[in-house]
Amino acid sequence: MRAIIGPVALVDCNNFYVSCERVFDPGLLRKPVVVLSNNDGCVVARSNEAKGLGIGFGTPIFKCGELVRSKGLKALSSNYALYGDMSRRVMDCLSRFSPRIETYSIDEAFLDFSGIPLTERTAYAHQLRRRVLKEVGIPVSVGVATTKTLAKIANKLAKRNAGLKGVLDISGEVDMDALLSAFPVSEIWGVGYRYSQTLNRHGISNALQLRGADFSWVRKKMTIKGLRTVLELRGISCMPLELMSKDKKAITSSRSFGKPVVELDELKEAVATYVSRAAVKLRAQGSLAGTLMVFLATNRFKPDDPQYSNFLHLNLPTATSDSPELIRHACFGLQRIYREGFSYKQAGVILSNFSSERHTQLDIFGAEEKRERGRKLMGVVDAVNLRFGRGTLEFAACGLEQPWKTRQEMKSPAYTTNWDQLPVVRA
DNA sequence: TCTGGGGTCCTAGGACCC
DNA sequence: TCTGGGGTCCTAGGACCC
């Protein structure tokens, strides 16, 4: 369901992953903290204190050793079970402030504010902010404007200026020209590195200049999406609220390995593991995959090592969500592209070309009975893993030792999603 | 020693057809 | 040797997002 919108609020959690960690470990408050990517590789979330130390997004953590020693920088492995659960709590809380809500990402939501009179919007946003902090423990920022693109800008300004206390409403009378002329074009939603380079070359460096740019020129250089951005900067809403979450059109599962992998058998275990994870998500949305892509690659950061990467698309004979079947196809594909004599660093699979499980095309070879048994088995496996935690039941093809598994040496417990890891309060 | 993972949308161009 | 025009479908690649 889509809807034309009036004023809209963008609510964005501040330094979300770090804030989640702080809820359960107050010792991290007011300290420089970063959360690392899978494999404990590079920085994907930073506390304000860490940003103050000059640590950029994506910095490899091995370059921060000195800061850990001299400034007490604390680095944590990412804990997606925790962040996913905290996200759900934040969204629950927000939906009580406006039932017309679009969950845009794990840490962001757009809320329809058209029911709130102009003079009350700022106060309402402050109230919302206090409530999320009290109930969930996560600090958020709120930007209110007449379009999503402008709300994004308001939100960034609210975060940036401490005096605003996390809220900025630009949906009413404001000096929009002054505001936009001070906002760099590269920070506009939908303008990435490439486009901002092109725009800069043509003398467009701030949001006011982009707002005034020639429509057909923008259309040519930045496609229809760029044109929508320009219109939104003018206050014309082109991006409606998406109130219903949509099914995914593709599901990827891939990881860098904790250490290089040479043997085909080990690669097969890894790929079998990834494809079973993807299959769980596939079944959860009631889809069948018609295409499976498998890929592998050596470490591109070691240019002196022999390099090789490849991928293979497989059009499956029958669309399926059956884990053993998908594992068979993935291993077959992997075998086709595997070359001996390389140290592999990464592999993965992408499922796509989905159809609905409810109107399956019948298998011309009459294997319906077998498929039905498979469906029931998958249902049981998913239910057990949901109840007792991921990995309770696994396929033998995924291996037992899993030496290739990613490193996560600084991970916090799954405080909210695993009974064994609930926080303990000491009297 | 150590450098992420998971998505979406749009367009150009090729293959193919009449 | 010369060599049309219009349409559809598909895919690879590029741009963006968090």
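A note on names: the letters A, B, ... follow the listed sequences, proteins ahead of strands, and every chain is numbered from 1.
- Every ring-ring contact (aromatic ring centres under 6.0 Å, His included) that A:Tyr338 has, sequence neighbours left out, goes to A:Tyr344.
- Look at A:Ser37 and you won't find any side-chain N or O under 4.0 angstrom from OP1 or OP2 of B:dT3.
- In this structure, A:Phe257 places its CZ atom 13 Å from P of B:dT3, rounding to the nearest Å.
- Looking at which nucleotide of DNA chain B each of A:Gly58 and A:Ser254 is closest to, the 5′-most match is held by A:Gly58.
- Using a cut-off of 4.0 Å between Lys/Arg side-chain N and Asp/Glu carboxylate O, A:Glu187 and A:Arg160 are scored as salt-bridged.
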Considering only distance and modelled atom types, tabulate donor-acceptor pairs under 3.5 Å from the side chains of residues 25-34 of chain A, sequence neighbours left out.
| unit_1 | atom_1 | unit_2 | atom_2 | d |
| --- | --- | --- | --- | --- |
| A:Asp25 | OD1 | A:Gly27 | N | 3.1 |
| A:Lys31 | NZ | A:Gly27 | O | 2.9 |

Apply side chain to side chain contact (heavy atoms under 4.5 Å, CB included) to A:Arg22 and A:Ser47, showing your working.
CA-CA 10 Å; A:Arg22 282 176 166 171; A:Ser47 70; 3.3 Å; yes
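- For the 3.5 Å distance criterion, the side chains of A:Ser323 and A:Arg283 qualify, holding a donor opposite an acceptor.
- Not a single donor-acceptor pair under 3.5 Å links the side chain of A:Glu325 to the backbone N or O of A:Thr320.
- When rounded to the nearest whole Å, the span between CD1 of A:Ile350 and P of B:dG7 equals 9 Å.
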Between A:Asn315 and A:Thr291, is a side chain to side chain contact (heavy atoms under 4.5 Å, CB included) present by the stated rule, with each step listed?
CA-CA 5 Å; A:Asn315 287 314; A:Thr291 303; 3.2 Å; yes
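- With sequence neighbours left out, A:Asp322 forms a salt bridge (Lys or Arg N to Asp or Glu O under 4.0 Å) with no residue at all.
- Listed pair A:Lys249 / B:dC9 meets the phosphate criterion, a side-chain N or O lying under 4.0 Å from OP1 or OP2.
- No donor-acceptor contact under 3.5 angstrom links the side chains of A:Ser256 and A:Asn38, judged on distance only.
- Of the charged side-chain nitrogens involved, at least one lies within less than 4.0 Å of a carboxylate oxygen, so that A:Glu135 and A:Arg96 count as a salt-bridged pair.
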For DNA chain B, please output the secondary structure as dot-bracket, reading 5' to 3'. Pairs are Watson-Crick or G-U wobble, both atom distances under 3.5 Å; mark crossing pairs with [ ], other-strand partners with |, unpaired with a dot.
....||||||||||||||
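- Checking the phosphate oxygens (OP1, OP2) of B:dG6, no side-chain nitrogen or oxygen of A:Arg277 falls inside 4.0 Å.
- Geometrically, A:Lys156 does not engage A:Phe183 in a cation-pi contact defined by less than 6.0 Å to the ring centre and at most 45° from the axis.
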Summary of protein contacts for nucleotides 13-18 of chain C, nucleotide by nucleotide, where a base hit scores B, a sugar-phosphate-only hit scores S (4.0 Å, heavy atoms):
--SSSS
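- Rounded to a whole Å, the CE atom of A:Met222 is 19 Å from the C1' atom of B:dA12.
- Atom name C1', nucleotides C:dC18 and B:dC2: the rounded distance is 25 Å, in whole Å.
- At the heavy-atom level, A:Leu36 lies nowhere under 4.0 Å from the strands shown.
- Listed by residue number, the members of residues 301-308 of chain A with any heavy atom below 4.0 angstrom from DNA chain B are A:Phe301, A:Lys302.
- B:dG4 atom P lies 16 Å from atom CZ of A:Arg46, rounded to whole Å.
- Backbone-only contact: A:Lys345 has heavy atoms under 4.0 Å from sugar-phosphate atoms and none from a base.
- In terms of phosphate contacts, A:Thr252 brings a side-chain nitrogen or oxygen within less than 4.0 Å of OP1 or OP2 of B:dG7.
- Taking atom NZ of residue A:Lys259 and atom P of nucleotide B:dT3, one finds them 15 Å apart after rounding to whole Å.
- Atom pair A:Lys248:NZ and B:dT8:C1' shows a separation of 11 Å (rounding to whole Å applied).
- Taking atom OH of A:Tyr17 as the reference point, atom P of B:dG6 lies 11 Å away to the nearest angstrom.
- For the OP1/OP2 pair of B:dG4 and a distance below 4.0 Å, the side-chain nitrogens and oxygens of A:Gln346 include no atom meeting the criterion.
- Distance alone, capped at 3.5 Å, places no donor-acceptor pair between the A:Gln346 side chain and the A:Asn299 backbone.
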Side chain to side chain contact (heavy atoms under 4.5 Å, CB included) between A:Glu21 and A:Lys74: does it pass, once the steps are laid out?
CA-CA 11 Å; A:Glu21 299 288 349; A:Lys74 176 93 172 147; over 6 Å; no
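- Contact between the side-chain N/O atoms of A:Arg228 and the OP1/OP2 oxygens of B:dC9 is not found at any separation under 4.0 Å.
- Position along DNA chain B of the nearest nucleotide to A:Ser253 versus A:Pro260 favours A:Pro260 as the more 5'-ward residue.
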